[in-house]
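Start at 1 with the first residue, then count along the sequence.
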Amino acid sequence: MSEALRVDAISAGYGDAVVLEDLSFVVEAGEALALLGRNGVGKSTLLLTLMGLTRRHAGTIHWRGRDITSRPPHERAQSGIGWVPQERGMFASLTVDEHLRAVARPGHWDRKRVYALFPRLEE
């Protein structure tokens, strides 16, 4: 298998506050990783760090074999890194279709496939 994600000795947080310290792991292509823990242990900080939205103090992040440690958040998003939070963060003024268009990226899933899987959404 090939590596989808490699995190090596990452330390990151907010400003001078370090939330993640010396964290390393590998996720192979086709695998999944579950993050479990009580509030405040760094689950969201890890995701925000992968997306480039925290201050990195040390370590590296490789996505699909490419070092993205210094890449800005928009480039990481374009490469396929994203987060769907558990909250219902939507724009009340947008339709379902407009929401899907706003987050559309090239790839396997397009609006037609989403509507085929969830026909009620198209209504």
Side-chain angles (χ1 to χ4, degrees):
M1 281 191 148
S2 63
E3 292 179 357
L5 175 64
R6 172 180 287 277
V7 174
D8 286 314
I10 202 79
S11 293
Y14 308 95
D16 291 333
V18 176
V19 177
L20 305 174
E21 188 170 11
D22 197 29
L23 177 67
S24 298
F25 63 91
V26 173
V27 179
E28 298 287 338
E31 289 185 337
L33 173 68
L35 298 174
L36 304 173
R38 62 178 175 73
N39 290 347
V41 297
K43 300 178 303 290
S44 296
T45 300
L46 173 58
L47 295 174
L48 292 170
T49 299
L50 295 175
M51 294 186 301
L53 299 172
T54 61
R55 179 174 175 206
R56 184 184 56 84
H57 296 271
T60 59
I61 301 169
H62 287 79
W63 174 245
R64 298 178 178 164
R66 185 173 147 231
D67 186 347
I68 62 163
T69 308
S70 299
R71 304 283 26 122
H74 73 277
E75 287 184 16
R76 295 179 192 208
Q78 289 171 341
S79 74
I81 295 177
W83 175 22
V84 180
Q86 69 186 25
E87 295 87 20
R88 296 175 185 225
M90 299 185 296
F91 298 102
S93 63
L94 298 182
T95 66
V96 169
D97 194 65
E98 289 168 332
H99 275 95
L100 291 174
R101 287 176 189 269
V103 299
R105 297 182 26 249
H108 182 74
W109 288 99
D110 59 15
R111 289 182 358 268
K112 183 178 178 181
R113 287 189 64 120
V114 171
Y115 290 144
L117 188 60
F118 301 103
R120 183 88 192 228
L121 287 179
E122 195 168 18
E123 294 174 18

Closer than 4.0 angstrom, basic N to acidic O: yes or no for R101 and E98?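 Salt bridge absent between R101 and E98.
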Do [X] and [Y] come close enough that some side-chain heavy atom pair is under 4.5 Å?
X	Y	result
W109	L100	no
F25	L46	yes
V96	E123	no

When you check the side-chain N and O atoms of T69 and D67, is any donor under 3.5 Å from an acceptor? yes
Donor + acceptor pair across side chains of T54, T49 (<3.5 Å): yes
Under a 3.5 Å distance rule, please check whether [X] uses its side chain to pair with a backbone N or O of [Y] as donor and acceptor.
X	Y	answer
R111	D97	no
R71	S79	no
R55	G15	yes
R38	V41	no

Working to the nearest 0.5 Å, report the span between CD of E28 and OG of S2. 7.0 Å
Quick one: CG on L36 to NZ on K43, what's the gap to the nearest 0.5 Å? 8.5 Å
Group every Ile, Leu, Val, Met, Phe, Trp and Tyr by side-chain heavy-atom contacts under 4.5 Å, then state whether [X] and [Y] land in the same group.
X	Y	result
L5	L23	yes
L35	I61	yes
L20	V27	yes
I10	L33	yes

Closest approach of [X] to [Y] (non-hydrogen atoms, all atoms of both residues):
X	Y	result
R76	L50	NH1-O, 3.0 Å
V26	E31	O-OE1, 4.4 Å
V19	G42	CG1-CA, 4.0 Å
I68	W63	CD1-CB, 3.8 Å
W83	M51	CE3-CE, 3.4 Å
Y14	T45	OH-OG1, 2.8 Å

Would you say that more than 12 heavy atoms from the other residues, nucleotides or ligands in this model lie under 6.0 Å from the CD of E21, or not? no
